[in-house]
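Inspection log for the structure reproduced underneath, given as structure tokens.
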Amino acid sequence: SQKIEQNSEALNIQEGKTATLTCNYTNYSPAYLQWYRQDPGRGPVFLLLIRENEKEKRKERLKVTFDTTLKQSLFHITASQPADSATYLCALAINEKLTFGTGTRLTIIP
Amino acid sequence: DSGVTQTPKHLITATGQRVTLRCSPRSGDLSVYWYQQSLDQGLQFLIQYYNGEERAKGNILERFSAQQFPDLHSELNLSSLELGDSALYFCASSVAAGAIQETQYFGPGTRLLVL
């Protein structure tokens, strides 16, 4: 069965450092992978989409990589700020449905 | 603000009851998706409608049903409610039919508590 794992439930990073979140998947070859941010009690907000033929995508302080051989995506936030504290979800389109990972709760410590 | 609206924001009801959750997509979006988010299951896809027609189905229980109306708003009906149905229910919308390459815009959610 399809499985999407995000590296850890919670991650604490010092302000100013780079936060790196991991999304691993098995038994599937998605054409696209998306990353979303979710704040407590609110709906997820789309951040980035990366295609299988793109190795890396950037948007301001965010960077996503996609390694289809390792079946892994890495999500980086550089120069992290307390306002980046949230839960980050990766999502893969599997059988034309968006399947979400369980998320990583990121806390940026001032 | 994503442009997707959901009502009500909170809902408290009893086991065995039936409730209806409402969603209005962003202006111009033809697809509506419903998701359930609970602490133990994460964000689970339930069902998608595109321009009034059912497009894709996820792990939606038979007690749950949905529809999309001509004005493109959607309703999710939950019946014979059980304690385990307590969760956040999100609606999302996108321009076209394909989830694969499209951004989905999520609403603020409806928090359902079944007592």
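Predicted model, so just to flag it, every value in this text is computed and none were measured. Chain letters run A, B, ... following the sequence lines, proteins first and then strands; every chain starts at 1.
Of the atoms belonging to B/Tyr105, not a single heavy atom falls under 4.5 Å from chain A. Using a 4.5 Å cut-off between heavy atoms, B/Gln6 makes no contact with chain A at all.
Linking Ile, Leu, Val, Met, Phe, Trp and Tyr whenever their side-chain heavy atoms come within less than 4.5 Å puts B/Tyr33 and B/Leu43 in one cluster. Put simply, B/Tyr50 and B/Val95 are part of two different groups of oily side chains (I, L, V, M, F, W, Y) that touch within less than 4.5 Å, one to the next. Both A/Ile77 and A/Ile108 are part of a single hydrophobic cluster, where members link through side-chain heavy atoms under 4.5 Å apart. Follow the hydrophobic side-chain contacts under 4.5 Å out from A/Tyr25 and you reach A/Leu21 in the same cluster.
In this structure, B/Arg26 places its CZ atom where more than 12 heavy-atom neighbours from other residues, nucleotides or ligands lie under 6.0 Å away. The local environment of CG in B/Asn59 is sparse, with at most 12 non-hydrogen atoms from other residues, nucleotides or ligands closer than 6.0 Å. The neighbour count for A/Glu9 CD, taken as heavy atoms of other residues, nucleotides or ligands under 6.0 Å away, does not exceed 12.
Considering only residues two or more places apart in sequence or on other chains, A/Tyr36 meets the ring pair (Phe, Tyr, Trp, His ring centres under 6.0 Å) condition with A/Phe46, A/Phe100, B/Phe106.
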Open item on the list: Determine whether B/Gln104 and A/Gln34 satisfy the following criterion, side chain to side chain donor-acceptor pair (under 3.5 Å), listing intermediate values before the conclusion.
Closed with: CA-CA 10 Å; B/Gln104 292 187 20; A/Gln34 302 183 16; over 6 Å; no
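Close approach to chain A, defined as a heavy atom under 4.5 Å from one of its heavy atoms, is seen in B/Pro108, B/Arg111 of residues 108-115 of chain B, taken by number.
Contact record, A/Lys97 with B/Phe45: CG-CE2, 3.5 Å, taken as the closest heavy-atom pair.
Of the inter-residue distances, the one linking A/Leu47 atom CG with B/Thr103 atom OG1 reads 10.0 Å to the nearest 0.5 angstrom.
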